[in-house]
Amino acid sequence: MRLGYLFLSSSSSSVVGSSISRSIVRPAPSLLLHRPFHFIPNRTTTKSNRFQFSPRTTLTASPSSMVSTFKPEQARVPPALQLPSPPITKFKIGLCQLSVTADKERNIVHARAAIEEAAEKGAKLVVLPEIWNSPYSNDSFPIYAEDIDTGPDASPSTAMLSEAARLLKITIVGGSIPERSGDKLYNTCCVFDADGKLKAKHRKIHLFDIDIPGKITFKESQTLTAGETPTVVDTEVGRIGIGICYDIRQELAMLYAARGAHLICYPGAFNMTTGPLHWELLQRARAVDNQLYVATCAPARDVGGGYVAWGHSTLIGPFGEVLATTEHDEAIVISEIDYSQIDLRRTNLPLEKQRRGDLYQLVDVQRSSSQ
C-alpha cells in the first residue's frame with residue numbers, strides 16, 4: 001500500500017504572451033466570472049490614434065460564483081476534514097531543550113527532571129527534542145536503539161515517558177529516539193496520553209541526507225530506514241500532527257491540516273548551517289500556510305559534539321507569529337496555546353475557501369486507499 005501524498009495538476013496549458021498592434025486585449029468572457037477586477041469598456045481611437053476613455057466601471061463576481069468556479073473543496077483529495085472541537089481550547093505547552101551526552105542513563109534521568117519541571121510550571125503538553133537519549137550520529141544510532149514494541153524492559157526511554165505522563169497527568173510528545181525493529185533502525189517519536197498509554201508512534205518519513213561542501217555532510221540513510229506513515233493523533237490537548245526535523249520541509253504539514261490538526265509538533269535538530277537560515281523560517285511558513293500552531297523542540301547546543309545543534313526551540317501561532325522561543329542553551333520554554341486563534345485567523349483570511357481545486361490538488365494517498 002502506498003502511503004503519503006501527491007500533487008496533481010488539472011491543466012497542462014502554458015501562458016503565452018501576446019503582441020499588440022493597434023488592438024485592445026480584453027479579458028476572455030469566462031474570466032469575468034473568476035475574480036473581481038476593474039474593466040475599462042468602450043475604449044476607442046481617434047483619427048490621431050490616441051486613446052480616449054469613458055468613465056470606469058467595476059464588475060465584481062459574487063463569492064458564490066467564485067467558489068463554484070474555483071472548486072476549493074476539490075483542492076484536497078479526499079476532502080479536508082473539519083477542524084474538530086478539542087477537549088480543551090487553552091492550555092500551556094512546555095518545550096524541553098535538553099543537553100544530550102553519551103551517557104544514556106543520565107539522559108533519561110535528565111529528561112524526566114525537565115518534564116517534571118515543565119509540568120510544575122503548568123504545562124499540559126510537554127515536548128522533547130529529536131534524539132534526546134543518544135548522541136546524534138550514525139555510529140551511535142545502532143548502539144542506543146531500543147525495541148519499543150517489545151516492552152519497557154527493552155525500551156527504558158519510552159518506559160520513563162509513559163510513567164511520567166501517567167504520574168503527572170500530562171500528554172507527552174516524546175521527542176525521538178533511535179528505534180530497533182527487526183533488522184531495521186528508525187528515528188521514532190512516541191506520544192503518550194495522561195494515562196501513560198502509547199497513543200502514536202511516528203517514524204521519521206524524510207531522512208536527513210545533506211552534503212554542503214565545507215559546511216556539513218550527514219546521511220541518515222546510511223543507518224536509518226524511512227517511515228511510511230503520516231501521524232495524526234487525538235489527545236487530551238487536541239489533534240496533533242507529528243513530524244521529525246526534516247519532515248518540516250515537505251508537504252506533510254498540508255496533509256496534517258487537511259486531517260484536522262490543531263497543532264504540529266516537530267522535534268528537530270537543525271545544525272549550524274541550516275539552522276540560522278531555515279529553522280524559524282520553516283516553522284513560520286508551515287504555521288501561516290496551514291493556519292495552525294507549530295511547536296518545535298531541539299537539543300541544546302554542544303559545541304564539542306560531533307553534530308552541533310542550532311537549538312532555538314519555538315512555538316509559532318496560526319498567523320505566523322513567534323509566541324515563545326529561546327537561544328541555544330538548555331531551557332524549558334513555557335507558553336500558552338489558544339485554539340480560538342485558529343478559528344479567528346481562518347475567518348480573517350479564509351484560505352480554505354480560496355484554493356483552486358480546478359488547478360491543483362493535494363492527494364492524501366493513505367486516506368484515499370483506505371476509503
Side-chain angles (χ1 to χ4, degrees), residues 3-5 97-102 104 107 127-149 155 157-158 173-191 200-231 241-253 255-256 264-279 281-283 286 296-302 304-313:
L3 303 174
Y5 38 80
Q97 184 164 293
L98 304 175
S99 63
V100 180
T101 71
K104 183 176 182 179
N107 293 336
V127 186
L128 296 187
E130 180 184 23
I131 308 294
W132 58 267
N133 72 343
S134 160
Y136 189 87
S137 72
N138 281 313
D139 291 337
S140 298
F141 295 153
I143 299 171
Y144 290 76
E146 299 178 5
D147 190 337
I148 297 171
D149 293 336
S155 182
S157 299
T158 58
V173 175
S176 76
I177 65 171
E179 178 198 8
R180 185 180 302 280
S181 181
D183 61 351
K184 295 180 179 180
L185 297 176
Y186 298 93
N187 186 342
T188 300
C189 174
C190 293
V191 181
K201 187 171 70 170
H202 177 80
R203 290 168 170 168
K204 188 173 185 178
I205 294 175
H206 305 91
L207 296 182
F208 178 59
D209 285 6
I210 186 173
D211 184 13
I212 302 177
K215 295 288 186 178
I216 182 173
T217 298
F218 197 98
K219 295 187 182 299
E220 280 188 326
S221 61
Q222 289 180 355
T223 55
L224 300 178
T225 298
E228 295 183 344
T229 307
T231 305
I242 304 295
I244 299 175
C245 201
Y246 208 50
D247 288 339
I248 199 173
R249 293 182 180 271
Q250 310 295 342
E251 290 82 0
L252 198 60
L255 186 148
Y256 286 166
I264 305 178
C265 291
Y266 293 102
F270 270 47
N271 55 73
M272 298 299 293
T273 299
T274 59
L277 291 173
H278 300 165
W279 181 235
L281 172 67
L282 288 166
Q283 296 174 62
R286 298 299 82 83
T296 61
C297 191
R301 189 179 305 169
D302 177 7
Y307 182 94
V308 182
W310 171 241
H312 294 78
S313 301

_Rounded distance [0.5 Å steps], CD in E220 versus OG1 in T225_ = 11.0 Å

*asked:* Less than 4.5 Å apart, side chain to side chain, heavy atoms only: is that true for R249 and T274?
replied: yes

*Give a yes or no on whether the backbone of G268 and the side-chain of Y246 come within a donor-acceptor separation of less than 3.5 Å.*
no

*Would you say the side chain of K201 lies within less than 4.5 Å of the side chain of I148, judging by non-hydrogen atoms?*
yes

*Report the distance from atom CD of E179 to atom CG of D149, rounding to the nearest 0.5 Å.*
6.0 Å

_Interatomic spacing from CD1 in I210 to NZ in K215 - rounded to 0.5 Å_ = 11.5 Å

_Heavy atoms of other groups near K219 NZ, more than 12 under 6.0 Å_ = yes

*Closest approach of Q222 and N138, non-hydrogen atoms and distance?*
OE1-ND2, 3.5 Å

*Without hydrogens or angle criteria, can the side chains of T101 and N107 be said to hold a donor-acceptor pair below 3.5 Å?*
yes

*R180 versus P142: any side-chain heavy-atom pair under 4.5 Å?*
yes

*Any side-chain heavy atom of T188 sitting closer than 4.5 Å to one from S176?*
no

*I177 vs T158, side-chain contact (heavy atoms from CB on, under 4.5 Å): CA-CA, chis, key distance, verdict*: CA-CA 9 Å; I177 65 171; T158 58; 3.9 Å; yes

*Check S140 against S134 and note the closest heavy-atom contact, atom names and distance.*
CB-OG, 3.6 Å

*If you measure from CD1 on I205 to OG1 on T231, what distance do you get to the nearest 0.5 Å?*
6.0 Å

*Hey, what's the ring geometry for F141 with F218, parallel, tilted or perpendicular (30° and 60° as the breaks)?*
perpendicular

*Atom of S155, atom of E146 and distance for their closest heavy-atom approach*: OG-OE1, 2.7 Å

*Can you check whether Y266 reaches L282 side chain to side chain, under 4.5 Å on heavy atoms?*
no

*Parallel, tilted or perpendicular: which describes the rings of Y136 and Y307, with under 30° parallel and over 60° perpendicular?*
tilted

*Where do I244 and N187 come nearest, in terms of heavy atoms and distance?*
CD1-O, 3.3 Å

_Working to the nearest 0.5 angstrom, can you tell me the gap between K104 NZ and W132 CH2?_
8.5 Å

_Side chains of F270 and C245, heavy atoms from C-beta outward: is any pair under 4.5 Å?_
yes

_Any Y144 side-chain heavy atom under 4.5 Å of S157 side chain_ = no

*Contact check, side chains of V173 and I242, non-hydrogen atoms, under 4.5 Å*: yes

*Spell out, as yes or no, whether a donor-acceptor pair under 3.5 Å connects the side chain of S313 to the backbone of A298.*
yes

*Yes or no on side-chain contact (heavy atoms from CB on, under 4.5 Å) for H312 and Q283, after CA distance, side-chain angles and deciding distance?*
CA-CA 11 Å; H312 294 78; Q283 296 174 62; over 6 Å; no

_side chain to side chain contact (heavy atoms under 4.5 Å, CB included), paired with P178, selected from N133, I143, T223, L185_ = N133

_Can you give me the closest heavy-atom contact between N271 and W310, atom names plus distance?_
O-CB, 3.6 Å

*To the nearest 0.5 Å, tell me how far K204 NZ sits from D247 CG.*
7.0 Å

_Heavy-atom pair with the smallest gap, counting every atom of K184 and Y186_ = CD-OH, 3.4 Å

